[in-house]
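To keep things clear, I will list the structure first and then write my remarks on it.
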Amino acid sequence: MPIPSKYEHIEIEKKWYSYWMENNLFKSIPNDKEPFTIVIPPPNVTGLLHMGHMLNNTIQDILVRRARMLGKNACWVPGTDHASIATEAKVVENLKEKGINKLDISRDEFLKYAWDWTEKYGGGILEQLKMLGCSCDWDRTKFTLDDDMYESVLIAFKILHNKGLIYRGYRMINWDPEAKTTVSDEEVNYVEEQSNLYYLKYKIVDSDQEMIIATTRPETIFGDTAVCVNPKDKRYKSMIGKQAIVPICDRKVPVIADPYVDVEFGTGCLKVTPAHDINDYNLGKKHNLDTIDIFDTNANLNQHGLHYEGKNRFVVRNEMEDELIKNKLLIKKENYVHNVGRSERTNSVIEPKISKQWFLKMDEITKPAIINVLENENIKFFPKKFKSTYKYWLENIKDWNISRQLSWGHQIPVFYYGNDDEYIVATSKEEALKKANEDLKLNLKDSDLSQDQDVLDTWFSSWLWPISVFDGIRNPDNEEIKYYYPTQDLVTGPDIIFFWVARMIISGYEFRDEKPFSNVYFTGIVRDKLRRKMSKQLGNSPDAIKLIEEYGADSVRVGLMLSSAAGNDLLFDESLCQQGKNFTNKIWNALRLIDGWDTDLQIKQPKVNELAINWYRNKFNNTLESIDSNFESYRISDVLMSSYKLIWDDFCSWFLEILKPEYGKKIDQKSKSDLIELFIKNLKIIHPFMPFLSEEIYHNIEGKVSKPITISSWPNKEEYDIQLINNFEITKEIISQIRNYRKEKNIPFKTPIKLYCIPSNKPIGNIDVIKKIGFVEDIIESEKADFALVKSFIIKNYEFFIPLDEGFDKDSEIKKLNKELEYNIGFLKSVDSKLKNKNFISNAPKEIIDKEKQKIIDTEQKIKSIKKSISELS
RNA sequence: GGGUGAUUAGCUCAGUUGGUUUAGAGCACUACCUUGACAGGGUAGGGGUCACUGGUUCGAAUCCAGUAUUACCCACCA
């Protein structure tokens, strides 16, 4: 059957993916082989594949497929994340469209909606990963809210709580009044916004003194519990210790002094509102001030706001202005630009708020994470530069606020039986009840216990991922965790180095006393050609699935990997996929060419084929060596580029051209079988990048193979002769010169020419190659002087020439030679001056000096020849 | 404001711990080729004072200091 001229990626990709799945090629179970494990960074369960995922998962697949071919037990665990805030926000929005307010329905009802939503839209991304060719063990697919995963998270909470690492405390948190939840510091975006700076008058009790205070938030005066100045500020020295009167509410508050206050800013006076500003909160703690919370959960004023009670904070700000002016308490108002924190999800202005939250103590448990990455590199980062980011965060770590006022997630396993401080930590109500009655002898009934309404931060489940997917939290001694853990590589973006990477490292040492992975490969951010981040708003992100459909998964994978060194941002452009597609086309056509060569058992192997095969074998092994070493250092783009050049240039442009039988003729059996062997080796090294194409070709090659390439073995490193490879480079150069000559003289490609060489330096091997590819009739030994005019090729120490006829453009030839002469004289001069430098001679190592001396000899030789040619021409 | 990187050809980047020519690759570009696998191809070619200024060294794209530009991270200024 003839091979179709077009590579039909859509059908072929579908065909092979089903084949791989049906034959369970990605399945992994513990055995006596060395494990190679990667856990996927779980994408948002309802998310869709974007360019970032494509890049990230292509890299993982490349690593996994190569490991599999290296004979390791490759296990890539897929899964999805419940992404509590993002998913809950979507569900709430969807309910809103149906006219349902989340606050009007019960927790269970809401969760039912959320599960419906998840079932409807969830998991799509995993199907998309299959289209990309990802070789995950799909039987292991996990979801962070699966029963076993859920329980693992609760158990982890319990363990940490029992160790005294989890505590409940008052903290200043970021309150999102729209979502009615706390958001982590990381989920707040600060945006520069135009606002006003209000100058308010605070009178001093029993005196005619007054203080002018500049604030951007006059509505918070209801929560003022002090006025603060810098102790060094002479202007206000006399007022320290007195009482100031807060405008409108007329409350008396102390005037205190603290160096925190900037003398230069505003008037040098600061109103202190501990309940609504993080710095004021810290001041309040230091000076033992009262805390007055003036907002309700919507960030509307509460009873402390007096006649403004129930009104929105921004409305109050405007309305107060009139009242302040009327009472002559507003001195002035000026434009002011400052940063306003907004919620990443709802975009509403964040309100700092005092709240009782659950925290995880971070100082002690982070120690192994510092030592094992920064001090002894038990975990390696690629690229290394991210170690400094990591270090900075760990050394300034704060306790982790792990509770979230949401429903979608792991409900905090705390059961209250009395006031806030009377609770039991248990993974179920039954367990809590049992504990209460048996251990604490409380004699409670089921209804006496109420579970904490909050859920845990999403990252509190993610940080256990490499352990929990192997059930290592619930069953720390099970076979799977013992076999697969620690995993080998983690591939993720540097933007979640704190959220996720660092925390996984912390949890790994905390729960298993062992690192979670050995290497972390950080991908860059995928941007468009203008360096803009890809985003929905900008509409500059290509549709990932469309790309796969149009170009084929292999081409997209190649396009993504062509220029994405670890840690570098990838400036994506569709032309990269086109380049990938051109490459698939090139390889496909190599197959078609080879397939068309019939063998003839009668033909003896020509010398030229033997030379070429020997060369390509050496070249392949030489390239394989650098491919392997680049893989070890995660230089994946370099791996692809060397494979690309090996296949395109060395294999297709040179090797196949040399072997190509004359039109209508056949190829000898030995050459053909060697060729196929080498072609298959090429396919193997390209397979991690182009799994579908390589599999298809592998099965199309003559002498059909029974085993798929996916589970074939990676080529063995063989010895190679570098001298032989270098000699072939000279051959290539000679041929190149011949082509150049033909072009100048307008001689058609295939018109045979005669080439001469001077007898004193008989040319090196590969004569047959020069003859065949250069269409050289014969190489004749002769002296240049025998001809009136010649064109010389001096390559290394070998000199060839072609006789010229009288009509030749002498001047341009002489010009060219002069240019070359000039270059060589300049070069000689630079080397010579180096060698004349006494300091160089006395300090440089002998090898370097010898090398320089050799350069002199070579260059002088060259100059001599060029000069001779010039004089012969003129 | 604090921190960490980056700056090499039109573009994207290598340059592996200072010495293989007077710095490389891919893409793009230019000229020529309707060549029997591939025009999604072939052949040949042009293009860089390695951001700038000093310093260390026999020798610097590579090490050090400063300047400029830029990216990211952290903190958020009443």
Side-chain angles (χ1 to χ4, degrees), chain A residues 3 5 185-186 188 190 197 213-217 220 228 260-262 265-273 277-280 336 338-341 383 385-393 396 494-495 497-498 525 529 531 555 562-565 567-571 573 575-576 578-579 581-597 629-630 633 635 637-638 640-642 644-645 648 652-653 656-657 660 663-664 736 739-740 742-744 746 748-750 823-824 826-827 829-831 834 837-845 847-849 851-852 854-855 858-859:
Chain A
I3 292 167
S5 65
D185 292 347
E186 290 85 358
V188 180
Y190 288 89
L197 195 57
I213 295 177
T215 178
T216 52
R217 303 200 59 193
T220 62
C228 189
Y260 164 73
V261 178
D262 181 356
F265 188 90
T267 58
C269 300
L270 172 73
K271 67 193 238 1
V272 185
T273 322
D277 182 283
I278 182 68
N279 298 302
D280 291 13
Y336 186 68
H338 71 145
N339 283 334
V340 176
K385 65 178 177 189
F386 289 112
K387 276 170 77 174
S388 4
T389 318
Y390 177 85
K391 179 174 184 224
Y392 190 81
W393 185 72
N396 296 286
D495 48 335
I497 193 165
F498 314 133
I525 296 166
K529 263 198 139 175
R531 282 196 181 274
S555 306
L562 271 170
S563 179
S564 55
N568 281 3
D569 285 358
L570 171 67
L571 272 59
D573 186 82
S575 65
L576 288 168
Q578 188 56 50
Q579 199 185 339
K581 200 173 177 186
N582 293 350
F583 189 39
T584 56
N585 182 254
K586 188 76 184 174
I587 303 175
W588 184 248
N589 277 290
L591 167 71
R592 295 212 301 134
L593 176 67
I594 295 167
D595 186 67
W597 294 349
S629 84
N630 279 330
S633 44
R635 301 173 67 105
S637 288
D638 288 353
L640 175 59
M641 193 42 76
S642 5
Y644 181 90
K645 284 194 276 195
W648 199 305
C652 293
S653 297
L656 292 183
E657 288 302 327
K660 191 184 263 179
Y663 190 57
S736 195
R739 285 169 178 165
N740 216 336
R742 285 176 190 276
K743 202 178 158 187
E744 278 171 22
N746 236 336
F749 241 24
K750 291 183 174 174
Y823 172 91
N824 280 288
F827 177 62
K829 220 170 145 187
S830 83
V831 180
K834 208 186 233 180
N837 185 334
K838 276 179 198 156
N839 288 325
F840 174 70
I841 299 297
S842 54
N843 287 317
E847 310 93 78
I848 300 294
I849 297 172
K851 244 181 219 170
E852 296 297 317
Q854 188 58 44
K855 279 185 205 167
D858 291 352
T859 315

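The sequence lines fix the lettering, A, B, ..., with proteins before strands; numbering per chain opens at 1. These values consider heavy atoms only, across backbone and side chains, with no hydrogens, waters or symmetry-generated copies.
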- prompt: Under 3.5 Å, is there a donor-acceptor pair between the side chain of A/Ser555 and the main chain of A/Gln578?
  reply: no
task: Determine the contact category for A/Pro845: base if any of its heavy atoms lies under 4.0 Å from a base atom, sugar-phosphate if only primed atoms, P, OP1 or OP2 are that close, otherwise nothing.
output: base
statement: Readout for nucleotides 30-40 of chain B: B = base within 4.0 Å of protein heavy atom, S = sugar-phosphate only, - = neither; 5' to 3' it is -B---BBBB-B
- prompt: What closest approach, in Å, do A/Ala214 and A/Thr267 show between heavy atoms, and which atom pair accounts for it?
  reply: N-OG1, 4.0 Å
- request: Select base, sugar-phosphate, or nothing to describe what A/Asp277 touches, counting heavy atoms under 4.0 Å on all strands.
  value: sugar-phosphate
message: So A/Ser575, base contact, sugar-phosphate only, or nothing? Heavy-atom distance under 4.0 Å.
response: nothing
query: Between atom CD1 in A/Ile525 and atom P in B/G5, what is the gap in whole Å?
result: 18 Å
- request: Measure the CG-CG distance between A/Asp858 and A/Asn824 for me, rounded to the nearest 0.5 Å.
  value: 10.5 Å
task: Let me know the distance between OH of A/Tyr644 and P of B/G26, rounded to the nearest Å.
output: 9 Å
message: Distance check, C1' atoms only: B/A37 and B/U20, in whole angstrom units.
response: 38 Å
- line: Taking every heavy atom of A/Tyr392 against every heavy atom of A/Asn396, the minimum-distance pair comes out as O-ND2, 2.7 Å
- prompt: With respect to the phosphate group of B/U4, does any side-chain polar atom (N or O) of A/Tyr390 fall under 4.0 Å of OP1 or OP2?
  reply: no
task: Show your reasoning for whether side chain to side chain contact (heavy atoms under 4.5 Å, CB included) applies to A/Trp393 and A/Ile497.
output: CA-CA 9 Å; A/Trp393 185 72; A/Ile497 193 165; over 6 Å; no
- prompt: Between B/A6 and B/U16, how far is it from one P atom to the other, in whole Å?
  reply: 13 Å
- prompt: The side chain of A/Lys645 lies closest to which of these nucleotides: B/C76, B/C74, B/G26?
  reply: B/G26
message: The side chain of A/Gln579 is closest to which nucleotide in this list: B/C77, B/G26, B/G2?
response: B/G26
query: Does the side chain of A/His338 come within less than 4.5 Å of A/Leu197's, by heavy atoms?
result: no
message: Could you tell me how far apart A/Leu640 (CG) and B/A25 (P) are, to the nearest whole angstrom?
response: 17 Å
message: Over all strands shown, is A/Asn279 touching base, sugar-phosphate only, or nothing at heavy-atom distances under 4.0 angstrom?
response: sugar-phosphate
query: Between A/Asp573 (CG) and B/A28 (C1'), how many Å, whole number?
result: 11 Å
message: If we check side-chain hydrogen bond (donor to acceptor under 3.5 Å, both in side chains) with A/Lys271, which of these qualifies: A/Thr215, A/Asp280, A/Thr220?
response: A/Thr220
query: At under 4.0 Å between heavy atoms, what does A/Val272 touch on the DNA or RNA strands: base, sugar-phosphate, or nothing?
result: nothing
message: Quick one, A/Leu591 with A/Ile3, criterion side chain to side chain contact (heavy atoms under 4.5 Å, CB included). Give me CA distance, side-chain angles, the key distance, then yes/no.
response: CA-CA 8 Å; A/Leu591 167 71; A/Ile3 292 167; 3.7 Å; yes
- request: For B/G41 versus B/U4, give the span between their P atoms, rounded off to a whole number of Å.
  value: 46 Å
- prompt: Over how many whole Å does the gap from A/Asn839 atom CG to B/A60 atom C1' extend?
  reply: 17 Å
- prompt: Rounded to the Å, how far apart are A/Ile497 CD1 and B/G3 P?
  reply: 19 Å
- line: When every non-hydrogen atom of A/Ser388 is compared with those of A/Lys385, the smallest separation belongs to OG-O, 2.9 Å
- request: Determine, for nucleotides 9-14 of chain B in 5'-to-3' order, which nucleotides have protein heavy atoms under 4.0 Å from the base (write B), from only the sugar-phosphate (write S), or from neither (write -).
  value: ---SSS
query: Does a side-chain heavy-atom distance below 4.5 Å link A/Ile525 with A/Asp495?
result: no
task: Please report, rounded to the nearest Å, how far the P atom of B/G2 is from the NZ atom of A/Lys391.
output: 19 Å
task: Sticking with atom C1', work out how far B/G54 lies from B/C73, rounded to a whole angstrom.
output: 31 Å
- prompt: Between B/G18 atom C1' and A/Glu852 atom CD, what is the distance in whole Å?
  reply: 14 Å
message: Counting C-beta onward and ignoring hydrogens, is there a side-chain heavy-atom pair between A/Leu576 and A/Gln579 closer than 4.5 Å?
response: yes
- line: One should report the stems of RNA chain B, each a stretch of at least three consecutive Watson-Crick or G-U pairs at distances under 3.5 Å, as B:1-7 with B:68-74, B:10-13 with B:24-27, B:29-33 with B:41-45, B:51-55 with B:63-67
- prompt: Are the side chain of A/Asn589 and the backbone of A/Asn585 linked by a donor-acceptor contact shorter than 3.5 Å?
  reply: yes
- request: Would you mind classifying the nucleic acid contact of A/Phe583 as base, sugar-phosphate or nothing, using non-hydrogen atoms under 4.0 angstrom?
  value: nothing
- prompt: Say you pick atom P in B/U17 and the same atom in B/A71; how far apart are they, in whole Å?
  reply: 32 Å
query: Looking only at atom C1', what distance separates B/C32 and B/G10, rounded to whole Å?
result: 23 Å
message: With rounding to the closest Å, how many angstrom separate the P atoms on B/A51 and B/A61?
response: 10 Å
message: Rounding to an integer number of angstrom, what distance separates B/G15 and B/G19 when you compare their P atoms?
response: 14 Å
message: Closest approach to the side chain of A/Lys385, judged atom by atom: which nucleotide of B/G19, B/G26, B/G5 is it?
response: B/G5
task: Ignoring backbone atoms, test whether A/Asn396 places a side-chain nitrogen or oxygen under 4.0 Å from the OP1 or OP2 oxygen of B/A75.
output: no
statement: Rounded to the nearest 0.5 Å, the CG atom of A/Asn279 sits from the CG atom of A/Leu270 at a distance of 8.5 Å
task: State which of B/C76, B/A78, B/C74 makes the closest approach to the side chain of A/Leu270.
output: B/A78
- prompt: Between A/His338 and B/A78, does any side-chain N or O lie under 4.0 Å from OP1 or OP2?
  reply: yes
query: In terms of the angle between their ring planes, are A/Phe583 and A/Trp648 parallel, tilted or perpendicular, with boundaries placed at 30° and 60°?
result: parallel
